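Here the structure is a predicted model, which means the values were calculated and not measured.
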Amino acid sequence: MLGKLGHKEVTDAAVAATCTEAGKTEGKHCSRCNEVLVAQKEVPALGHKPEKINGSAETCTVDGLTEGEKCSVCDEVLVKQEVI
């Protein structure tokens with residue numbers, strides 16, 4: 001008579017949260033039966049960290065720009081600068 005094989009543990013890698021996307025903690029499952037041994041948990045998105053972008057005054061030869069805002073983590077533009 002053969003004995004039980006037992007679970008063959010496989011690590012499910014953690015996924016880092018970003019400014020806009022949720023992440024996951026590390027987890028584990030069995031590669032033989034797919035049973036979840038340690039469930040992955042959702043890590044909430046971090047949210048943007050706003051950073052001011054200074055505007056500039058117009059001159060005789062160069063257009064000016066309004067102030068703007070971008071995320072200091074992912075550089076996504078949050079408030080676009082406008083030409084003045």
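Not counting sequence neighbours, E26 has no partner by the salt bridge (charged side-chain N to carboxylate O under 4.0 Å, His left out) test.
Rounded to the nearest 0.5 angstrom, K28 NZ and L37 CG are separated by 9.0 Å. Rounding to the nearest 0.5 Å places NE2 of H48 at 10.5 Å from OG of S72.
Residues E35 and H7 are in side-chain contact: their nearest non-hydrogen atoms beyond the backbone lie under 4.5 Å apart. A 4.5 Å side-chain heavy-atom check between C19 and E76 finds every atom pair outside the cut-off. For the pair R32/L5, a side-chain contact is recorded, criterion being any heavy-atom separation below 4.5 Å from C-beta on.
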Check residues 49-62 and write down every donor-acceptor pair under 3.5 Å in which the side-chain atom is one partner and the other belongs to a residue at least two apart or another chain.
| unit_1 | atom_1 | unit_2 | atom_2 | d |
| --- | --- | --- | --- | --- |
| E51 | OE1 | K70 | NZ | 3.4 |
| K52 | NZ | E67 | OE2 | 3.1 |
| S56 | OG | L65 | N | 3.4 |
| T59 | OG1 | T61 | N | 3.3 |
| T59 | OG1 | V62 | N | 3.0 |

Solution key, residues 38-45 side-chain donor-acceptor pairs under 3.5 Å, sequence neighbours excluded:
| unit_1 | atom_1 | unit_2 | atom_2 | d |
| --- | --- | --- | --- | --- |
| Q40 | NE2 | A13 | O | 3.1 |
| Q40 | NE2 | T25 | O | 3.0 |

